[in-house]
> 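The following block contains the structure, expressed as structure tokens.
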Amino acid sequence: MSIIEVKNLCYTYGKGTPFEKTAVNDLSLSVDEGEVIGLIGHTGSGKSTFVQMLNGLIRPDSGQVLLNGRDIWSNPKEIRKIRFKVGMVFQYPEYQLFDETVYKDISFGPRNKGLSENEIDEVVRKSAKFVGLSDNLLQQSPFDLSGGEKRRAAIAGVISMDPDVLVLDEPTAGLDPLGRDVLLSQIMQYHKERKNTIFIVSHSMEDIAQIADRVMVMNKGRLEMIDTPKKVFSQIDRLEGMGLRVPQITKIMLSLKKRGFEFSDGILSVEQAFSEVVDLLKKEGKI
Ligand code: ADP
């Protein structure tokens, strides 16, 4: 069943001024409950504007966002409630942290939801654990945390509200490769248990290839493609024409395929590439 349906969404900044800029143009799509959608596109292609329309931070000029079949703007006075259902972690989580302690920050959402102190405590600890924040950090000021810990705290603050849809804007930007892998696998573990719907914006094609069920590609405000990672990343020329790249390993394996090696299309991981190379070498009696 589709949880989010977007119909002909349009948004223009600075309408009627010389700085007018159409950021999202006639975008429609439908997302099933539990899907992980990877969102890619060149800087300025409209990704942030689009995701901010999913939870009502930006009101579209025209078009609709339906959450479980209901237009999120059907009652503008209730738009804040949508933010409990569609949780958003911004690109710069430091802007999302504001309280004296990490604990208070994470408990802000559940407290606003009206949970009891005991329930709040349980939810805060569980959310912190999900993102790998140790208990001893909970009483510290969020401003004393490292960049990676701040991001974890911001994610914990959003998942503590138990949103049906989680939107992550560049969650791994600025992290080192190990930190990136760990955070991604924690997000995926959370997804496996909670089975919620996730939109993840990323410049890392490797990350997207690894976790997305479908990849949506935005270009100049429009939805250019939406399909499985395998199908999207097979279209190297089209993506490169939009200033995007494909995972390095996909590119290498496709160029080898073009030279006559029998590899599958759209290989997305080093592990898969390794296993195909080994199979080929075995077939040729070289190992
Ligand atoms: P992305 O997230 O893909 O980088 P954005 O949604 O941030 O894209 O931006 C889409 C377009 O809208 C860009 O041309 C950008 O310059 C413009 N834009 C974004 N935010 C604003 C704003 N607050 N005022 C005016 N133009 C904006």
Side-chain angles (χ1 to χ4, degrees), residues 4-29 31 35-65 67 72-73 79 82-83 86-96 147 150-151 154-155 158 163 165-175 180 183-184 187 197-209 211-212 214-227 229 232-233 235 238-247:
I4 291 233
E5 232 181 299
V6 170
K7 292 186 180 168
N8 310 102
L9 214 56
C10 294
Y11 187 77
T12 299
Y13 288 100
K15 246 197 164 144
T17 72
F19 308 105
E20 186 168 302
K21 174 81 207 175
T22 296
V24 172
N25 196 350
D26 199 21
L27 195 155
S28 300
L29 57 84
V31 171
E35 265 194 291
V36 177
I37 303 289
L39 173 45
I40 61 173
H42 198 269
T43 303
S45 59
K47 304 180 297 295
S48 290
T49 308
F50 167 68
V51 293
Q52 288 180 74
M53 285 195 276
L54 291 178
N55 80 339
L57 280 173
I58 295 180
R59 187 172 185 166
D61 295 330
S62 59
Q64 289 177 310
V65 175
L67 178 65
I72 61 167
W73 285 99
I79 196 68
I82 297 298
R83 296 184 199 149
V86 181
M88 172 113 45
V89 182
F90 292 96
Q91 201 165 346
Y92 302 103
E94 2 326 39
Y95 299 138
Q96 217 160 346
K150 275 186 191 143
R151 191 148 307 169
I155 297 176
V158 172
V165 181
L166 179 64
V167 182
L168 301 159
D169 196 351
E170 294 278 358
T172 60
L175 300 185
R180 200 176 85 185
L183 184 59
L184 267 192
I187 293 170
T197 308
I198 298 186
F199 282 85
I200 179 164
V201 179
S202 181
H203 278 106
S204 163
M205 302 303 156
E206 277 73 16
D207 288 359
I208 294 283
I211 66 173
R214 281 193 297 161
V215 181
M216 64 180 280
V217 185
M218 285 188 71
N219 187 32
K220 298 182 182 148
R222 290 185 180 273
L223 178 63
E224 240 346 280
M225 296 186 228
I226 179 159
D227 215 325
V232 168
F233 290 130
Q235 307 201 42
R238 201 166 156 202
L239 289 171
E240 286 185 347
M242 290 180 244
L244 298 172
R245 55 170 200 86
V246 302

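Every number for a ligand or one of its atoms is a count from 1 in the order of the listing. Along the sequence shown, residues carry numbers from 1. Just so it is clear, the model here is predicted, and its values are computed rather than measured.
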> Hey, are Ser62 and Asn8 close enough side-chain-wise for a donor-acceptor pair under 3.5 Å?
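There is no such pair between these side chains.
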> When you compare the side chains of Tyr13 and Thr22, does any donor N or O come within less than 3.5 Å of an acceptor on the partner?
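No donor-acceptor contact under 3.5 Å links the two side chains.
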> Closest heavy-atom contact between Arg180 and Thr172?
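Shortest heavy-atom separation between Arg180 and Thr172 comes out as CG-CB, 3.2 Å.
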> With a cut-off of 4.0 Å, which atoms of ligand 1 are near a heavy atom of Ala23?
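Atoms satisfying the 4.0 Å criterion: 10 (C), 11 (C), 12 (O).
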> Closer than 4.0 Å to some heavy atom of Thr43 - which atoms of ligand 1 meet that?
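Under 4.0 Å from Thr43, ligand 1 has these atoms: 4 (O).
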> Which atoms of ligand 1 are found less than 4.0 Å from any heavy atom of Lys21?
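Result: 12 (O), 14 (O), 17 (C).
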> Suppose we measure from atom 3 (O) of ligand 1 to each protein heavy atom; which comes out shortest, and what is that distance?
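Protein heavy atom at minimum distance: Lys47 NZ, 2.8 Å.
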> For atom 8 (O) of ligand 1, grab the closest protein heavy atom and report residue, atom and distance to one decimal in Å.
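Atom 8 (O) of ligand 1 sits closest to the protein heavy atom Gly46 N, 3.1 Å.
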> If we count only non-hydrogen protein atoms and require a distance under 4.0 Å, does atom 16 (O) of ligand 1 qualify as touching the protein?
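It does not; no protein heavy atom is within 4.0 Å.
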> Please assess Thr197 against Leu166 for the test side-chain contact (heavy atoms from CB on, under 4.5 Å), listing each intermediate value before the final yes or no.
CA-CA 6 Å; Thr197 308; Leu166 179 64; over 6 Å; no
> Any heavy atom of Gly14 closer to ligand 1 than 4.0 angstrom?
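Distance cut 4.0 Å: Gly14 fails for ligand 1.
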> Atoms of ligand 1 less than 4.0 Å from His42 heavy atoms?
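Answer, ordered by atom number: 3 (O).
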> Has Met218 got any heavy atom lying under 4.0 angstrom from an atom of ligand 1?
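The answer is no: ligand 1 sits nowhere under 4.0 Å from a heavy atom of Met218.
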> Taking atom CG of Leu67 and atom CG of Leu54, what is their separation to the nearest 0.5 Å?
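Taking CG in Leu67 and CG in Leu54, the distance rounds to 9.5 Å.
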> Of the listed options (Phe50, Tyr13, Tyr11), which comes nearest to atom 20 (N) of ligand 1 when hydrogens are ignored and any heavy atom counts?
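Residue with the shortest heavy-atom distance to the ligand atom: Tyr13.
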> Do Lys15 and Asp61 pass the salt bridge (Lys or Arg N to Asp or Glu O under 4.0 Å) test, and can you show the C-alpha distance, the side-chain angles, and the key distance before you say yes or no?
CA-CA 10 Å; Lys15 246 197 164 144; Asp61 295 330; 3.8 Å; yes
> Can you check whether Val31 reaches Phe199 side chain to side chain, under 4.5 Å on heavy atoms?
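Side chain of Val31 against side chain of Phe199, heavy atoms only: contact under 4.5 Å found.
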> Can you see which heavy atom on Met225 is nearest to which on Gln235, and at what distance?
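For Met225 versus Gln235, the nearest heavy atoms are SD-NE2, 3.9 Å.
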> To the nearest 0.1 Å, how far is atom 7 (O) of ligand 1 from its closest protein heavy atom, and which atom is that?
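Protein heavy atom at minimum distance: Ser48 CB, 3.8 Å.
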> Working to the nearest 0.5 angstrom, can you tell me the gap between Met216 CE and Ile37 CD1?
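Reported value, rounded in 0.5 Å steps: 8.0 Å.
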> Report the nearest protein non-hydrogen atom to atom 13 (C) of ligand 1: residue, atom name, distance rounded to 0.1 Å.
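For atom 13 (C) of ligand 1, the nearest protein heavy atom is Gly44 O, 3.7 Å.
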> Tell me which protein heavy atom sits closest to atom 6 (O) of ligand 1, plus the residue, atom name and distance to 0.1 Å.
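Of the protein heavy atoms, Thr49 OG1, 2.5 Å lies nearest.
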